[in-house]
Amino acid sequence: SAENNRNELKLLQSAVDLSKQGTKLVRAAYLPQVLLTGGYMISNPNAFNGFQNKFSGVWNVGVVVRVPVWNWFEGEYKVRASKTATAIAKLEMEDANEKVDLQVAQCRYKLNEAQKRLVTSRKNVANAEENLRCANVGFREGVMESTDVIAAQTAWQAAKAQSIDAEIDVKLTQVNLRKALGILK
């Protein structure tokens, strides 16, 4: 979908199409050309029968043929140059397509890694909550000291902060992937 949504790829495709049309135009300039014209002219007074006050007309038909005989291979050189420009535009488009594909693949990889970190951080939060619960129960029962409870609270806060950072990272990588796909402008 990136190929259909990315503006720079659309622009490069337009450049390729324009270059192909330019090649056809250059080639057409050195082909034989035929022009056919025709018309009817009406006049009053009529100049054909002693200037009678009557409408009368004349038909005319013309044919023009232009055949390039010799131009010192100018047409061949121009067509070859235009085809080379088309080939360059195609190569630029292929290069841009590869770069976009690489960017999308990198964004997908980063998104997968961010989702794995989020799952891990949520497990860490669950473990920290259980550790904090055990520390609070132990402190109430008199088996643990207040420093153990404070350490458990600190670990819980760190795990929670890490989980929030992981969620933010997932959202940012999703946005980057949507940008790489051309969904977001």
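It should be emphasised that the depicted structure is a prediction, and the values quoted were computed from it without experimental measurement.
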- Query: Taking side chain as C-beta onward, heavy atoms only, is V175 less than 4.5 Å from K171?
  - Reply: no
Q) Between N176 and K110, is a side chain to side chain contact (heavy atoms under 4.5 Å, CB included) present by the stated rule, with each step listed? A) CA-CA 9 Å; N176 288 337; K110 287 179 182 179; over 6 Å; no
task = Give the cluster check for V65 versus L31: same hydrophobic cluster or not, with ILVMFWY residues linked at side-chain heavy-atom distances below 4.5 Å.
result = no
With a 4.5 Å cut-off on side-chain heavy-atom distances among I, L, V, M, F, W and Y, is there a chain of contacts connecting W156 to L118? no
### Query
Mind checking whether L102 and E98 have side chains closer than 4.5 Å, heavy atoms only?
no
When rounded to the nearest 0.5 Å, the distance separating CG of N71 from OH of Y77 is 10.0 Å
d(Q174 CD, L172 CG) to nearest 0.5 Å is 9.5 Å
Side-chain (R122) to main-chain (S163) donor-acceptor, under 3.5 angstrom:
no
The ring-ring contact (aromatic ring centres under 6.0 Å, His included) partners of W70 (sequence neighbours excluded) come to W72, F73
Among the clusters formed by ILVMFWY side chains lying less than 4.5 Å apart, do L177 and V170 turn up in the same one? yes
Do L181 and R108 have side chains that approach each other closer than 4.5 Å (heavy atoms only, starting at C-beta)? yes
In this structure, CG of D148 is separated from CG of N136 (nearest 0.5 Å) by 11.0 Å
Quick one: are K20 and K90 in side-chain contact, heavy atoms under 4.5 Å? yes
Practice prompt. Look at the side chain of N5 and the backbone N and O of I183, then say whether any donor-acceptor pair between them is shorter than 3.5 Å.
Written response: no
In short, V104 meets A180 closest at the heavy-atom pair CG2-O, 3.7 Å
Separation between OG1 (T86) and NZ (K24), nearest 0.5 Å, reads 10.5 Å
| task | Compute whether any side-chain donor of one residue and acceptor of the other, for D17 and Q21, lie under 3.5 angstrom apart. | result | no
Are V67 and V34 grouped together when hydrophobic residues (ILVMFWY) are joined by side-chain heavy atoms under 4.5 angstrom apart?
-> yes
Closest non-hydrogen atoms of N44 and K54, given as atom of the first, atom of the second and distance, are OD1-N, 3.3 Å
The side chain to side chain contact (heavy atoms under 4.5 Å, CB included) partners of E113 (sequence neighbours excluded) come to Y109, K116, R117
Point to revise | Sidechain-backbone polar pair: S82 side chain, K78 backbone, donor-acceptor under 3.5 Å | key: no
Exercise for review: Treat each ILVMFWY residue as a node, draw an edge where side-chain heavy atoms are under 4.5 Å apart, and state whether F55 and W59 are in one component.
Suggested key: yes
Distance col, row D169:CG vs Q115:CD, nearest 0.5 angstrom, shows 10.5 Å
Note: E92 and L12 closest approach over all heavy atoms is O-CD1, 4.0 Å
Side-chain contact, heavy-atom cut-off 4.5 Å: L35 with V63?
no
What one should report as the nearest heavy-atom pair of M93 and L9 is CE-O, 4.1 Å
Rounding to 0.5 Å, atoms CG (L11) and CD (E8) come to a distance of 8.5 Å
